[in-house]
Amino acid sequence: MRLFVCFSTALLQILALEHASIETTSDPFPDDILTPYKDYYKTKRTHRHVRECQPILYGNRTHETLKILSRIKPGQPFVQVKNFYHRYTRNNVETDVVGHVVSIEDPFRTFSVLEPREVGGCSDPYKRATVAESAKQRKCWVATNAGFFRTKDGKCYGNVFTDGRKVQDSGGVQNANFGIRRDGSILVGYLSEEMVDDKENPFVQLVSGVIWILRNGMVYIDESKTAECRDTEETGSMDLFADVMSARTALGHDIEGRVMIVQIDGKTNHRGQVIDLYSFASLLSKLGLVNAINLDGGGSATMVVNNTLVNYPSDE
């Protein structure tokens with residue numbers, strides 16, 4: 001399964017969860033999937049562990065919240081999609097990447113997390129669908145993959161709320177989350193089970209990723225590698241997951257509360273146009289994001305705009 005972001009001109013709703021499609025290609029490495037963890041690597045993290053692993057300046061606060069300030073003005077588009085070209089240097093080697101940055105106004109009204117293909121797509125039997133197929137649920141103007149999934153059967157991972165409906169929770173597994181609550185606030189970070197099920201200010205949209213990339217404008221990758229559960233991503237060690245050159249997808253917000261999605265195109269360890277998480281963090285900061293989490297990337301990195309695939313995902 002993979003998550004995708006979707007904007008709808010009719011219903012003004014945006015983010016969706018989608019299972020990865022399995023399609024064969026002539027590429028000798030069609031799936032773009034790194035070696036999964038061996039069982040002995042797997043470990044869960046408690047919320048107490050997350051608090052203890054973060055810098056002392058954050059105290060017990062394991063998340064950040066921001067009231068949404070952006071509103072759609074008359075004649076203003078609710079979503080903007082821009083292509084970009086970026087050159088960065090890693091280990092004294094210059095690399096060029098291309099990608100897309102999406103900026104969403106008034107996300108409380110324009111952003112949705114959707115299950116793959118249809119309501120119930122995260123339930124057994126787990127659905128598999130392309131981004132374009134799942135986007136049809138909300139007539140999404142822009143859609144992209146988002147959350148992680150179990151590659152052997154497509155099971156959704158993490159916390160999932162869609163349009164106020166709780167689809168599933170993570171069972172306390174600690175990975176980075178992005179959500180919008182009923183009071184119109186954005187929340188980014190790690191959640192206790194009690195917070196996930198908060199009835200006074202419940203989540204309207206919620207999705208889990210792996211690695212909190214930016215926290216209040218600062219790179220937060222190393223802290224996340226220590227705090228997060230390893231069950232969710234199948235790359236290997238957290239160090240490898242952060243360092244590997246791959247296509248990437250990030251979800252976050254700017255200082256005004258606009259939701260932003262940034263995607264780098266490419267194929268893990270294949271095409272030159274790929275990026276590691278540290279270099280990605282620097283780019284996200286330049287683009288104006290202040291909080292951002294890492295969503296499913298690699299071969300799953302897909303973006304559809306107005307029913308048209310606009311990148312080159314290796315799994316599609």
Student check: side-chain heavy atoms of F111 and I180 closer than 4.5 Å: yes

Check the side chains of S208 and N175 for a donor-acceptor pair under 3.5 angstrom, ignoring hydrogens and angles. no

Indicate whether any N or O donor in one side chain lies under 3.5 Å from an N or O acceptor in the other, for S185 and D183.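 A pair is found: one side chain offers a donor N or O, the other an acceptor, under 3.5 Å apart.
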
Going by salt bridge (charged side-chain N to carboxylate O under 4.0 Å, His left out), name the pairs with one or both residues in residues 66-77, residues two or more places apart or in two chains.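 Those involving residues 66-77 are R71-D106.
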
Considering only residues two or more places apart or on different chains, which pairs with a residue in residues 275-285 satisfy salt bridge (charged side-chain N to carboxylate O under 4.0 Å, His left out)?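 Only R90-D276 qualify under salt bridge (charged side-chain N to carboxylate O under 4.0 Å, His left out).
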
Please round to the nearest 0.5 Å and tell me the distance separating atom [atom1] of [X] and atom [atom2] of [Y].
{"X": "H100", "Y": "I264", "atom1": "NE2", "atom2": "CD1", "result": "10.0 Å"}
{"X": "M195", "Y": "N201", "atom1": "CE", "atom2": "CG", "result": "9.5 Å"}
{"X": "I255", "Y": "L289", "atom1": "CD1", "atom2": "CG", "result": "11.0 Å"}
{"X": "E223", "Y": "C53", "atom1": "CD", "atom2": "SG", "result": "10.0 Å"}
{"X": "W212", "Y": "I293", "atom1": "CH2", "atom2": "CD1", "result": "10.0 Å"}
{"X": "D243", "Y": "L277", "atom1": "CG", "atom2": "CG", "result": "8.5 Å"}

Going only through I, L, V, M, F, W and Y residues with side-chain contacts under 4.5 Å, is there a path from [X] to [Y]?
{"X": "F78", "Y": "I261", "result": "yes"}
{"X": "V259", "Y": "V290", "result": "no"}
{"X": "F84", "Y": "I213", "result": "yes"}
{"X": "L57", "Y": "V50", "result": "yes"}

Please assess D163 against Q205 for the test side-chain hydrogen bond (donor to acceptor under 3.5 Å, both in side chains), listing each intermediate value before the final yes or no. CA-CA 6 Å; D163 297 338; Q205 316 292 343; 2.7 Å; yes

Mind checking what makes side-chain hydrogen bond (donor to acceptor under 3.5 Å, both in side chains) contact with Q54, not counting sequence neighbours? R215

Contacts of R61 that satisfy side-chain hydrogen bond (donor to acceptor under 3.5 Å, both in side chains) - sequence neighbours left out: E64

Applying salt bridge (Lys or Arg N to Asp or Glu O under 4.0 Å), name anything that partners [X], two or more places apart in sequence or on another chain.
{"X": "D222", "value": "K225"}
{"X": "E118", "value": "K127"}
{"X": "R181", "value": "D198"}
{"X": "R182", "value": "none"}

Mind telling me whether Y58 and Y220 have parallel, tilted or perpendicular rings, with 30° and 60° as the class edges? perpendicular

With sequence neighbours excluded, what pairs up with [X] under the side chain to side chain contact (heavy atoms under 4.5 Å, CB included) test?
{"X": "H47", "value": "R51, T62, Q174, Y190, S192"}
{"X": "S285", "value": "L214"}
{"X": "S282", "value": "K286"}
{"X": "L66", "value": "H253"}

Applying salt bridge (charged side-chain N to carboxylate O under 4.0 Å, His left out) to R258 and E105, what does each step give before you reach the verdict? CA-CA 5 Å; R258 298 179 188 88; E105 300 285 350; 2.9 Å; yes

Please step through side-chain hydrogen bond (donor to acceptor under 3.5 Å, both in side chains) for the pair T249 and Q263, ending with a clear verdict. CA-CA 4 Å; T249 303; Q263 193 169 79; 3.1 Å; yes

Which is it for E115 and R165 under the salt bridge (charged side-chain N to carboxylate O under 4.0 Å, His left out) test, yes or no, and what are the steps along the way? CA-CA 11 Å; E115 295 180 79; R165 177 175 58 89; 2.7 Å; yes

